[in-house]
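Below: the structure, in structure tokens.
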Number of protein chains: 2
Amino acid sequence: MDPHLLRTFLAVAETGSFSAAAQRLQYTQSAVSQHVAALEADLGTPLFTRRPVALTPAGERLRRHAELLLVRLEAARADVTRAVAPPGRLVLGLTPLAWAVPVAAALATIRAESARLRTRVRVAARDRIVEAVATGEVDLGLVDGFTAPSDPLRLPEPGAGGPRSVGVGESPAVVAVPSAHPLARRRAVDLADLADAYWIDAPDVAPFARLPVDGLRAGVRYDGTDAAVLAGLVAGGHGLAVLPLPLVSAHPGLTGVPVGTPRLVHRVELLRLPAVAPDEPAERLAHLLTAPT
Amino acid sequence: MDPHLLRTFLAVAETGSFSAAAQRLQYTQSAVSQHVAALEADLGTPLFTRRPVALTPAGERLRRHAELLLVRLEAARADVTRAVAPPGRLVLGLTPLAWAVPVAAALATIRAESARLRTRVRVAARDRIVEAVATGEVDLGLVDGFTAPSDPLRLPEPGAGGPRSVGVGESPAVVAVPSAHPLARRRAVDLADLADAYWIDAPDVAPFARLPVDGLRAGVRYDGTDAAVLAGLVAGGHGLAVLPLPLVSAHPGLTGVPVGTPRLVHRVELLRLPAVAPDEPAERLAHLLTAPT
DNA sequence: CAATTTTACGGGCTTCGTAATAATG
DNA sequence: CATTATTACGAAGCCCGTAAAATTG
């Protein structure tokens with residue numbers, strides 16, 4: 001169960017091939033084969049079927065554990081080294097809608113900080129941001145999601161020593177429709193009533209699979225992370241999407257119809273590791289973002 | 001960050017000495033020294049002060065992570081091997097009050113199972129049980145605690161792949177007092193009103209530090225895990241304790257005064273890893289315990 | 001038979017123990 | 001100065017690459 005072995009195990013699981021995994025890890029096939037053999041010997045069970053290479057049930061179990069384990073190992077390293085030398089940079093991780101909507105007020109702050117610091121901004125899907133905060137790749141994360149009013153987002157692994165989250169803003173959740181659409185004149189809609197409509201699934205922006213309603217079907221899928229593109233797709237009539245009101249209002253040709261049931265808001269949370277120094281850049285910015293304006 | 005290094009790191013942290021750690025791990029001092037040096041080189045920071053050996057702040061951070069990391073590594077191994085060969089034994093882990101009170105009905109079941117299986121029962125404090133379930137040392141855990149009515153217990157690390165919990169019983173929380181005590185005639189008391197009383201702290205039975213009330217002070221501390229002893233101490237007038245009503249009723253000379261505020265019940269939850277086979281011993285017993293009687 | 005995994009084997013590095021050295025209360 | 005940590009060094013073992021053999025679609 002050496003981390004190295006777990007790493008190559010994961011590479012094999014992901015690529016579905018010993019040789020491809022070897023390439024990715026800069027190993028020889030032979031080394032990969034030996035790693036897997038060592039793991040299988042240690043655990044006393046095959047982890048892959050060969051030809052084709054696929055996970056056995058035991059392998060599938062190990063995969064889930066190994067992924068978390070490696071992230072947490074990195075997170076531990078990050079937490080310790082960060083305690084020693086707080087980073088003199090500021091890396092911001094944002095989910096697409098966290099960026100598009102609620103931090104407008106904080107942008108000036110961020111810009112001001114940027115003048116003094118090496119600041120970078122990364123946009124990625126929610127789980128990636130959570131992971132990046134845990135491993136210290138990102139100092140401050142802003143993630144968003146749809147949830148019941150004043151309910152926290154359900155983020156993966158709020159484990160000890162890991163990132164803490166705090167809500168920094170909520171806005172109404174609306175169904176985005178083209179302004180010419182018949183629905184646009186409704187005062188409110190229930191999601192369940194829109195089971196017949198076509199939706200746009202944008203897993204990295206507003207994953208509609210996580211909406212608390214079943215049976216919606218997607219006509220179009222958008223794999224990017226640009227909220228404007230998603231809004232454009234809705235405006236172009238390619239399908240509906242649940243979005244935060246401010247984003248919809250800002251986009252010409254779009255109308256937002258409030259969601260009646262279930263009660264739903266768009267919520268943004270700030271995510272970070274416990275502060276290590278009060279004068280840390282992330283600390284000041286986090287303070288600004290959480291302070292009531 | 002090799003697990004071996006983390007293990008010796010923890011041994012040093014716990015014993016406060018390189019040589020003691022070496023003894024415990026069957027290493028030489030030299031090896032321990034090299035392990036620590038390797039970790040410190042890797043992380044780029046001292047983890048201990050020497051003479052006396054004590055954790056630096058960075059070391060303290062690492063300690064927290066390392067403990068969890070090693071448990072989760074064991075848990076991963078347990079989960080995988082269990083998936084391969086479900087254990088033909090049944091190990092039950094219980095907190096003291098889970099045993100004393102609410103599973104009486106299940107005892108017959110357990111005895112019946114015992115006839116067919118190698119069954120063992122272990123009693124330990126809550127966090128140890130949670131950990132033991134995660135690592136597969138224990139197949140089925142019953143843990144207890146005081147909480148608001150129908151609120152789940154807050155257990156450490158409900159992380160992915162880890163144990164799941166489900167409530168199996170609640171009983172009223174009462175303040176146990178000797179029957180001759182003036183309080184014994186009260187219909188209800190508020191914990192806050194008992195700030196002047198002396199309490200018995202029994203960290204491994206009913207840790208009163210976890211009660212949602214501050215400022216209680218302990219006169220006696222009981223470090224064992226025997227609920228009857230604790231009840232006896234209360235009956236003997238050594239102090240008060242918050243306990244589940246059935247336990248108090250069963251003990252001669254004790255009276256239970258219902259807790260008015262805060263709203264508080266004694267709750268028992270069943271803890272186990274996701275089932276791997278429907279005919280697993282743990283599965284049947286879990287089913288019996290969770291089925292409404 | 002072509003592609004891919006497994007096995008055999010050897011060089012180089014890592015790891016741990018012995019033993020000598022250094023540090024400190 | 002006795003206790004405890006560090007450093008030096010060498011043998012044993014592990015790890016990964018080369019290359020040959022085995023497997024299978």
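Reminder, nothing fancy here: chain letters follow the sequence lines and each chain counts from 1.
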(Q) Can you tell me if A:S19 touches the phosphate of C:dT5, counting only side-chain N or O atoms and a distance under 4.0 Å to OP1 or OP2? (A) yes
Q. In whole angstrom, what separates B:R50's CZ from D:dT7's P?
A. 9 Å
Q.
Just the rounded figure in Å: distance from P of C:dT24 to CZ of B:F18.
A. 13 Å
Q) In whole Å, what is the span from the CG atom of B:L5 to the P atom of C:dT15? A) 7 Å
**Q.** hbond_proxy B:T28 side chain to C:dT18 base (donor-acceptor, 3.5 Å cutoff)
**A.** no
Q | Minimum side-chain heavy-atom gap A:H35-A:V12 below 4.5 Å | A | no
Q. Sub-3.5 Å donor-acceptor pair from the side chain of A:T15 to the main-chain atoms of A:A11, do we have one?
A. yes
Q: Check the distance between D:dA5's P and B:L47's CG and give it to me in whole angstrom.
A: 15 Å
Q | Gap between atoms CD and P, on B:Q23 and C:dG17 respectively (whole Å) | A | 13 Å
Q. So which heavy atom on B:V138 is nearest to which on B:L92, and how close?
A. CG1-C, 4.2 Å
Q.
Mind checking if B:H35 touches a base, just sugar-phosphate, or nothing, with heavy atoms under 4.0 Å?
A. sugar-phosphate
Q) Of A:V53 and A:Q34, whose nearest nucleotide on DNA chain C comes first from the 5' end? A) A:V53
Q.
Classify the ring geometry of A:F48 against A:F18: parallel below 30°, tilted from 30° to 60°, perpendicular beyond 60°.
A. perpendicular
Q) Nearest to the side chain of B:S30, which nucleotide is it out of D:dG17, D:dA8, C:dT6? A) D:dA8
(Q) Any side-chain N or O of B:S33 below 4.0 angstrom from OP1/OP2 of D:dA5? (A) no
Q.
Just the rounded figure in Å: distance from P of C:dT4 to CZ of A:F48.
A. 16 Å
Q.
Output the rounded distance in Å from OH (A:Y27) to P (D:dG17).
A. 7 Å
Q: Nearest whole angstrom, please: distance from the P of C:dC16 to the CD of B:Q26.
A: 14 Å
Q) Between the main-chain N or O of B:A125 and the side-chain N or O of B:T95, is there a donor-acceptor pair closer than 3.5 Å? A) no
**Q.** B:S17 or A:A31, whichever maps to the more 5' nucleotide of DNA chain D
**A.** B:S17
